[in-house]
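Worksheet for the structure shown next.
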Amino acid sequence: MAKVFVITGPSGVGKGTLIRALRERVPELELSVSATTRRARPGETQGVDYHFLSDDEFERHVTAGDFVEHAEYSGRRYGTLREELERRVAGGHPVVLEIEVQGARQVRDTLPEAVQIFITPPSEDALRARLIGRGTDDADQVAKRLDTAREELAAKDEFGHVICNDRLEDAAGELERVVRDALH
Ligand code: ADP
Ligand code: 5GP
C-alpha cells in the first residue's frame, strides 16, 4: 500500500511552506486536498487549496461517514475526505496530509501505519511573528491560533517524529530524510 504521511503542528509553524519544499525534493508525493467550512483567502482556489464547503455540506459528509478524520479548529470545520485519500493511495502515490492535532490523533487510530511528523517552532515568539507576518489572520485569529498552539505543542511527544522548523533549509532537509527513509 502507498505510504501516508501526516504532517501536523500549530498553525503558522510552516507546515505548508515545508510541504512545498518537500514536494520539490520528492516530486512523487501527492497532497490530499482537505475540506473546510472556512472562507477562501485571497489567492486560494476551490478544489486546489481546499474543498470549500458550506456548514450543511460539511455536516452531510460527516453524517454519511465520508471523513477519515475531521475536527473543529478556530471556529471552523476541517476534514479529510475518504474518497480524496483513497483515490490517491489507489494511484500508488505516497500521500501527504497537512492537518491539525485532533485530526492527526484520529488518523493515528484509524491508519496506524501512517508516518506521523510534528513540526515545532523554535519559540512562541517566532510562531507569533510568523502568524502576523503571513498576513492572513486578524489580531483576534492570531490570538486564538496562539492559544490553540500552546495546547497542540503539549502533544508533540505523541508523534513518531518531531522536527523543529528554525532554519527552513535544515527543517526541509530533515523532513526529506524522514520521508525517504519511510519510502525505501
Ligand atoms: P502553516 O502551514 O503551518 O500554517 P505556513 O507555511 O503558512 O504555516 O507559514 C507561516 C509563515 O511563516 C509564512 O509566512 C512562511 O513564509 C513563514 N515561515 C515558514 N517557515 C519559516 C522559517 N523556517 N523561518 C521563517 N519563516 C518561516
Ligand atoms: P488554515 O485555516 O490556516 O488553512 O488551517 C487551519 C488548521 O487546520 C491548520 O493547522 C491546518 O493544518 C488544519 N487543517 C487543514 N486541513 C485539515 C484537515 O483536513 N483536517 C484537520 N483535522 N485539520 C486540517
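Atoms within each ligand, like the ligands themselves, are counted from 1 in listed order.
Contact annotation: the side chain of Val68 never approaches that of Leu97 to less than 4.5 Å [non-hydrogen atoms, C-beta and beyond]. The closest side-chain heavy-atom distance from Asp137 to Arg41 is below 4.5 Å. Annotation: side chain of Leu111 is in contact with side chain of Leu85 (closest heavy-atom distance under 4.5 Å). At least one side-chain heavy atom of Leu153 sits less than 4.5 Å from a side-chain heavy atom of Phe118.
Each of Arg82, His61, Glu84 was checked for a side chain to side chain contact (heavy atoms under 4.5 Å, CB included) with Asp66, and the lone residue meeting it is His61. Considering Ile117, Thr8, Ile119 in turn, Thr8 is the only one that fulfils the side chain to side chain contact (heavy atoms under 4.5 Å, CB included) rule with Phe159.
The shortest separation from a heavy atom of Leu18 to ligand 1 is not under 4.0 Å, leaving the residue out of contact. Between Gly133 and ligand 1 there is no heavy-atom distance shorter than 4.0 Å. Proximity of Pro10 to ligand 1 is established by a heavy-atom distance of less than 4.0 Å.
Residue Gly12 holds the heavy atom nearest to atom 1 (P) of ligand 1 of all those in Ala21, Gly12, Ala126, Cys164. The heavy atom nearest to atom 20 (N) of ligand 2, considering only Glu69, Glu44, Arg76, is found in Glu69. Across the listed options Ala40, Ser11, Gly16, Ser34, Ser34 owns the non-hydrogen atom lying nearest to atom 19 (O) of ligand 2. In this structure, of His51, Arg39, Glu100, the residue bringing a heavy atom nearest to atom 13 (C) of ligand 2 is Glu100. Comparing Lys15, Glu169, Arg20, Arg134 against atom 4 (O) of ligand 1, the shortest heavy-atom distance belongs to Arg134.
Considering only non-hydrogen protein atoms, atom 15 (C) of ligand 1 sits nearest to Thr17 OG1, 3.6 Å. For atom 20 (N) of ligand 1, the nearest protein heavy atom (residue, atom name, distance) is Asn165 ND2, 3.0 Å. Closest to atom 2 (O) of ligand 1, if we only count protein heavy atoms, is Gly16 N, 2.8 Å. For atom 5 (O) of ligand 2, the nearest protein heavy atom (residue, atom name, distance) is Tyr50 OH, 3.4 Å. The protein atom (non-hydrogen) at minimum distance from atom 12 (O) of ligand 2 is Glu98 OE2, 2.6 Å. Of the protein's heavy atoms, Arg130 NE, 3.5 Å lies nearest to atom 26 (N) of ligand 1. Considering only non-hydrogen protein atoms, atom 8 (O) of ligand 1 sits nearest to Gly14 N, 3.1 Å.
If you number the atoms of ligand 1 from 1 as listed, the ones under 4.0 Å from a heavy atom of Asp166 come out as 22 (C), 23 (N), 24 (N). The distance from ligand 2 to the heavy atoms of Thr80 drops below 4.0 Å at these ligand atoms: 19 (O). Each of the following atoms of ligand 2 lies closer than 4.0 Å to a heavy atom of Lys15: 10 (O), 12 (O). Counting the atoms of ligand 2 from 1 in the order shown, those under 4.0 Å from a heavy atom of Arg41 are 1 (P), 2 (O), 3 (O). Per-residue contacts place Arg38 under 4.0 angstrom from the following atoms of ligand 2 (heavy atoms of the residue considered): 1 (P), 2 (O), 4 (O). When each atom of ligand 2 is checked for a heavy atom of Gly103 under 4.0 Å away, the hits are 22 (N). Below 4.0 Å from some heavy atom of Leu168 lie the following atoms of ligand 1, by number and element: 20 (N), 23 (N). Close approach to Ser11 involves these atoms of ligand 1, each under 4.0 Å from a residue heavy atom: 4 (O).
Contact check on Asp125 versus Arg128 returns a salt bridge, with a Lys/Arg side-chain nitrogen under 4.0 Å from an Asp/Glu carboxylate oxygen. A salt bridge is defined here as a Lys NZ or Arg NE, NH1 or NH2 lying under 4.0 Å from an Asp or Glu carboxylate O, and Glu169 with Arg25 meets this definition.
Residue-level proximity to ligand 2 for Gln106 is absent, since no heavy atom of it falls below 4.0 angstrom. Residue-level proximity to ligand 2 for His70 is absent, since no heavy atom of it falls below 4.0 angstrom. Contacts with ligand 1 closer than 4.0 Å are made by no heavy atom of Ala171, backbone or side chain.
In this structure, the side chain of Glu100 does not engage the main chain of Ser11 through any donor-acceptor pair within 3.5 Å. One N or O on the side chain of Thr36 and one on the backbone of Arg77 form a donor-acceptor pair closer than 3.5 Å. No donor-acceptor pair closer than 3.5 Å links the side chain of Glu69 to the backbone N or O of Ala104. Using a distance-only test at 3.5 Å, with no hydrogens or angles considered, a donor-acceptor pair links the side chain of Arg108 to the main chain of Glu158. Formation of a donor-acceptor pair under 3.5 Å by the Gln102 side chain with backbone atoms of Glu72 is found in this model.
By the rule that hydrophobic residues join a cluster once side-chain heavy atoms approach within less than 4.5 Å of another member, Ile99 and Ile163 end up as members of separate clusters.
In terms of N/O distances under 3.5 Å, ligand 2 is approached by Gly79. Where the criterion is an N or O separation shorter than 3.5 Å, residue side chain and backbone included, Tyr73 fails it with respect to ligand 2.
Listed by chain and residue number, nothing satisfies the ring pair (Phe, Tyr, Trp, His ring centres under 6.0 Å) test with Phe5 (two or more places apart in sequence, or in another chain).
Heavy-atom minimum distance, His51 versus Val33: CD2-O, 3.4 Å.
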